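Taking it in order: structure first as structure tokens, then the write-up.
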2 protein chains.
Amino acid sequence: MTKKREGKTTSKIFDDHDHGMCFDDAIEQIENYFLKKNLQFTPLRRKVFEILIRDHKPLGAYEILEALGRDGFSSSPPIAYRVLDFLMEHGFVHKIQGLNAFIACSNPNHSHSPAFVICRKCEKVAEVDEKKSGISFASPNIDNFEVEKTTVEMTGVCTTCSRAATI
Amino acid sequence: MTKKREGKTTSKIFDDHDHGMCFDDAIEQIENYFLKKNLQFTPLRRKVFEILIRDHKPLGAYEILEALGRDGFSSSPPIAYRVLDFLMEHGFVHKIQGLNAFIACSNPNHSHSPAFVICRKCEKVAEVDEKKSGISFASPNIDNFEVEKTTVEMTGVCTTCSRAATI
DNA sequence: TCATAACGTGTTATAACATAACACTATCAG
DNA sequence: CTGATAGTGTTATGTTATAACACGTTATGA
């Protein structure tokens with residue numbers, strides 16, 4: 001058994017969306033995207049994305065592999081890593097560095113450099129928009145260094161977990 | 001042999017400091033800090049810090065272990081991880097999540113939430129000040145979520161590496 | 001039509017990163 | 001002297017990620 005990655009929270013940023021909506025929308029969006037780009041949205045790729053969007057929480061590669069195995073797919077490590085790399089390239093999945101875990105993108109429709117809010121107790125993660133969250137990178141270029149990718153993760157304790165701790 | 005982590009750059013942010021100065025200063029600062037806090041700056045802890053500040057580049061835990069071994073210290077994994085945890089707790093070492101590597105802090109004297117600029121070719125890393133770099137977290141609290149720790153890493157290609165590629 | 005190249009999936013093996021659990025010593029407060 | 005704490009050491013193992021190669025399918029195009 002791997003490390004637990006579960007929990008609940010009522011903090012607004014963690015669940016301010018209709019998840020049924022989110023799931024259907026996301027599938028449709030990703031289908032259209034790959035159709036338009038002439039890329040294959042194969043059963044394996046679809047399944048991996050569904051596993052991630054279903055729970056809408058970060059999953060480790062080996063958790064994804066277990067889920068694949070349960071659903072009759074091959075479950076040797078390169079399977080998951082390859083598909084995850086592919087989905088990340090196209091912005092439908094992000095890696096949470098602080099958890100060595102992967103999460104489906106919440107805003108695949110607009111290009112963005114996402115920031116993540118992570119509860120270190122329940123490990124729930126919210127993807128927040130740069131603008132909404134008040135995070136900003138004032139200068140995209142730092143001293144002629146061309147930034148290609150930014151990782152922003154904010155770790156703390158969500159309201160639910162902090163309330164639970166003081167009861 | 002582990003992955004290579006070396007390279008050169010002339011990008012200003014990567015070497016706008018006097019390294020000899022930096023080394024001596026850093027050692028003095030950390031000594032004073034632990035003295036003041038009544039914490040032990042043991043030979044092992046000193047050595048790990050020296051290894052990191054010497055090169056002033058990110059090193060993996062196992063690279064640090066090799067260096068420890070060469071210098072006559074024990075080199076089983078927990079040795080490095082424990083000392084690194086200790087030094088990180090006190091802000092003298094940071095972990096670069098994107099590289100699974102550790103680097104000596106460039107500004108141990110003032111509390112800060114550091115941001116890192118990482119060249120994905122030479123893997124050189126610069127620690128930049130939030131203010132100087134134009135990075136800012138406009139709101140420390142997001143929807144009642146108390147942020148305890150932020151990870152900010154910007155990956156790209158430094159001027160030296162991008163010049164080398166086009167020649 | 002038959003190479004051959006590109007892609008997607010599959011396999012085995014191994015590398016790279018990190019921690020658990022316990023042992024031993026030294027130091028220090030009571 | 002005794003027990004608690006801190007620091008280091010050890011063995012073993014857990015967790016995350018990639019290398020290298022095999023095989024089938026599909027598209028290209030000489």
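Side chains included, hydrogens not; waters and symmetry mates left out as well; all remaining heavy atoms used. Per chain, numbering begins at 1; letters A, B, ... match sequence-line order. Everything quoted here is computed from the prediction, not taken from an experiment.
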Exercise for the section: Report yes if the side chains of B:F102 and B:V48 come closer than 4.5 Å at any heavy-atom pair, otherwise no. Expected result: no
Practice task
Hey, can you tell me if B:H90 and B:Y33 have their rings parallel, tilted or perpendicular (30° and 60° cut-offs)?
Solution key: perpendicular
Problem - Protein-to-nucleotide contact annotation, 5' to 3' order, nucleotides 4-12 of chain C [B base; S sugar-phosphate only; - none; under 4.0 Å, heavy atom] - result: ---SSBBBB
Exercise for the section: Write down the distance between OH (B:Y81) and P (C:dA21), rounded to a whole number of angstrom. Expected result: 18 Å
Handout entry: Interatomic distance, A:I96 CD1 vs D:dT15 C1' [rounded to whole Å]
Key = 18 Å
Practice task
Ignoring hydrogens and angles, answer whether the base of D:dA17 and the side-chain atoms of A:Y62 contain a donor-acceptor pair closer than 3.5 Å.
Solution key: yes
Exercise for the section: Whole angstrom is fine here: how far is it from NZ in B:K47 over to P in D:dG9? Expected result: 13 Å
Practice task
Measure from CG on A:N100 to C1' on D:dA17 and round the result to the nearest Å.
Solution key: 10 Å
Handout entry: Length of the CD1-P vector between A:I64 and D:dA17, whole Å
Key = 10 Å
Practice task
Answer with yes or no after comparing the ring centroid distance for B:F41 and B:F92 against a 6.0 Å cut-off, counting only values under it.
Solution key: no
Problem - Donor-acceptor under 3.5 Å (B:E153 side chain, B:Q97 main chain) - result: yes
Exercise for the section: Could you tell me whether the side chain of A:V83 reaches within less than 4.5 Å of the side chain of A:V93, counting heavy atoms only? Expected result: no
Handout entry: B:E123 side chain near B:K57 side chain, heavy-atom distance below 4.5 Å
Key = no
Handout entry: Separation of D:dA6 P from B:D85 CG (nearest whole Å)
Key = 15 Å
Handout entry: Distance in angstrom units between B:M88 CE and C:dC17 C1', rounded
Key = 13 Å
Problem - B:E123 CD to C:dA16 P, straight-line distance once rounded to whole Å - result: 13 Å
